Amino acid sequence: MTLRTRFAPSPTGFLHIGGARTALFCHLHTRHYGGTTILRIEDTDRERSKSEAVEAILAGMHWLGLDPDEGPYFQSSHCEKHLEIAEQLLIGERAYRCYCTKEELDEMRDKQRAAGLKPRYDGRCRNRSEPPQEGAPFVIRFLRPTTGEVVWEDKIQGEVRVRNDELDDLILVRSDGSPTYNLSVVVDDHDMGINLVIRGEDHLSNTPRQIQLFEALAWDVPEYAHMPLLHGSDGAKLSKRHGAVSVLSFREEGFLPSAVNNYLVRLGWSHGDQEIFTMQEMESLFDICEVGRSAAIFNNDKLLWINSHHIMDSPPEELLEDLLYQLEQIGIENVDKVKLLSAVPEFQERSKTLVEMAQKMAFLFLDDIDYYEPTAAKKYMKISALPPLTELTRRLESNNEWTLESIEKVFASVLAAFEMKMGKLAQPVRVALTGTATSPGIYETLYLLGRTKSLSRLQAGVLYLEEKSQSTD
RNA sequence: GUCCCCAUCGUCUAGUGGCCUAGGACGCUGGCCUCUCACGCCGGUAACGGGGGUUCGACUCCCCCUGGGGACGCCA
């Protein structure tokens with residue numbers, strides 16, 4: 001039997017990091033076993049469903065490389081089928097009409113809570129044959145078995161047993177005639193041939209009810225894997241309402257999709273001491289059965305570290321598109337792609353995010369730098385640097401070829417002439433070129449910046465020092 | 001409140017009765033490398049929540065407590 005799994009978000013907002021983890025685990029496990037992933041939008045609550053949310057979910061999954069093999073399917077479009085099944089249950093006396101009003105149910109739950117019981121429907125309409133009045137609104141409830149228990153072997157949780165008398169008769173069809181989630185899920189999972197349901201542990205309590213429905217309909221029950229939840233730094237479940245942001249915001253912040261996936265896969269799963277995984281490695285190694293049962297807390301530092309490794313391991317051209325975007329965000333447009341591509345390798349092991357990379361390489365693309373960082377200027381732009389800097393500038397001006405080798409030779413000659421250490425010369429040059437005290441190797445920096453810009457910035461640096469020496473005289 | 005789940009360094013985890021003087025990773029930190037930053041390398045910091053059992057022997061098994069989380073909707 002080939003594996004068929006589904007990711008089934010409700011379209012009430014963007015895809016957040018917790019949902020992404022569920023989608024990832026579905027994807028990885030299914031890839032490992034060569035199955036099919038299905039995306040199904042659970043939009044049975046029409047009031048809360050938004051079409052923008054569907055777009056956002058699709059976009060988030062696409063960015064992460066988790067595009068489904070099938071779908072998106074929309075649960076609402078199978079509404080007729082769901083109601084048909086409800087009718088069938090009604091006819092087979094596995095469901096009944098319940099005329100209880102909202103107020104009545106609230107009162108019942110309040111009493112139960114006050115009595116120290118778990119609030120749940122007491123089944124008072126089970127034996128009612130007539131409506132309280134002609135045309136009274138009703139819901140259809142599932143007539144669950146009240147004795148025995150539901151048992152299943154969860155791929156993550158192990159054996160789970162729930163006594164049927166702990167459950168209540170769940171609503172299958174609302175009083176407005178629309179099917180509810182629990183009915184729709186069961187019918188759709190069956191119709192779509194889903195044989196493994198991977199979802200968050202917050203669905204654990206729905207599972208026995210759904211299994212009862214499968215059994216009442218004499219359908220095969222899928223297997224289940226309930227993943228531990230992802231928590232925020234306060235230790236509580238991460239959700240749209242509670243601290244979680246769209247996965248796409250990670251793109252905005254300069255994270256790579258593979259890094260986000262890599263980070264998420266290590267929450268609850270491990271493979272020896274390995275921390276860095278490519279998508280291919282994750283797909284071949286991951287198995288949902290190896291996932292642990294305890295919840296994890298989202299930690300941005302670890303994500304940053306993993307991202308830095310994925311940036312280092314990426315072919316430069318794969319970073320280009322997002323990098324161009326990040327450069328635009330800081331006002332640098334019309335970037336020469338060839339030039340950018342040649343610069344990227346120098347920044348890959350210096351950047352934890354693409355945002356950081358864009359900031360660090362900005363000096364290469366600006367026409368001019370208009371200021372030196374005060375601390376860098378104070379520390380390195382000293383008057384004593386004026387003579388060697390002047391000489392270096394002069395010699396570079398007369399150096400017609402602009403290669404790493406020739407630049408290095410000019411440096412060596414100046415250092416020899418002044419009998420000085422590299423650091424004393426490189427730092428003032430670095431500040432003159434970049435306005436900061438940090439950059440790639442100084443030869444590489446000069447080379448990447450190019451002859452014209454390098455010389456004009458060096459000249460500006462010399463001028464700066466000359467003015468400084470005059471003002472202090 | 002009721003039912004369920006979880007419990008190893010601050011965080012992510014390894015550990016499945018003796019290999020544990022509890023391993024790795026992030027973070028923090030000392031050093032090396034060095035033209036700066038970073039990468040890399042070497043070192044340090046830091047954990048089995050508590051109490052009972054079981055056993056020759058418990059991080060590992062059982063029970064209780066404590067702590068944390070989840071679920072209790074005509075939401076999904």
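Just so we're clear, the structure is a prediction, and the values are computed from it rather than from any experiment. Proteins get letters first, then strands, A, B, ... in listed order; numbering begins at 1 in each.
The aromatic ring of His231(A) is not stacked on the base of G69(B), since the criterion of ring centres less than 5.5 Å apart with planes inclined by under 30° is not met.
Among the protein residues, Leu425(A) comes within range of no part of the nucleic acid, since none of its heavy atoms lies under 4.0 Å from any strand. Using a 4.0 Å heavy-atom cutoff across all strands shown, Ser175(A) reaches at least one base atom of the nucleic acid. Pro440(A) comes within contact range of at least one nucleobase, with a heavy-atom separation under 4.0 Å. Using a 4.0 Å heavy-atom distance criterion, Arg430(A) is classed as a base contact.
Between Glu356(A) and Lys352(A), the closest heavy-atom pair is OE1-N, 3.2 Å.
Partners of Glu253(A) by salt bridge (Lys or Arg N to Asp or Glu O under 4.0 Å), not counting sequence neighbours: none found.
Screening residues 202-212 of chain A for salt bridge (Lys or Arg N to Asp or Glu O under 4.0 Å) gives Asp168(A)-Arg209(A), Asp202(A)-Lys237(A) as the qualifying pairs, with residues at least two apart or on separate chains.
Non-hydrogen atoms lying under 4.0 Å from RNA chain B are contributed by Gly235(A), Lys237(A), all within residues 232-239 of chain A. Near-neighbour residues of RNA chain B inside residues 253-265 of chain A, defined by a heavy atom below 4.0 Å, are absent. For RNA chain B, the neighbouring residues in residues 403-423 of chain A, judged by any heavy atom under 4.0 Å, are Met422(A), Gly423(A).
Dashed line: the shortest gap from a side-chain N or O of Arg113(A) to OP1 or OP2 of G1(B) is not under 4.0 Å. Contact annotation: Arg109(A) reaches the phosphate of C74(B) (side-chain N/O to OP1 or OP2, under 4.0 Å). For the OP1/OP2 pair of C37(B) and a distance below 4.0 Å, the side-chain nitrogens and oxygens of Ser439(A) include no atom meeting the criterion.
With both pairing distances under 3.5 Å, C61(B) is matched to G53(B) as a Watson-Crick or G-U wobble pair.
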Quick one: what's the B/S/- string for nucleotides 20-30 of chain B, heavy-atom cutoff under 4.0 Å, read 5' to 3'?
---BBBSS---

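In this model, no side-chain donor or acceptor of Thr180(A) finds a partner on the base of C74(B) within 3.5 Å.
Looking at which nucleotide of RNA chain B each of Arg163(A) and Ser205(A) is closest to, the 5′-most match is held by Arg163(A). When the nearest nucleotides of RNA chain B are assigned to Asp202(A) and Lys102(A) by heavy-atom distance, the more 5′-ward of the two goes with Asp202(A).
No option in His82(A), His78(A), Gln75(A) other than His82(A) meets the side-chain hydrogen bond (donor to acceptor under 3.5 Å, both in side chains) test with Ser184(A).
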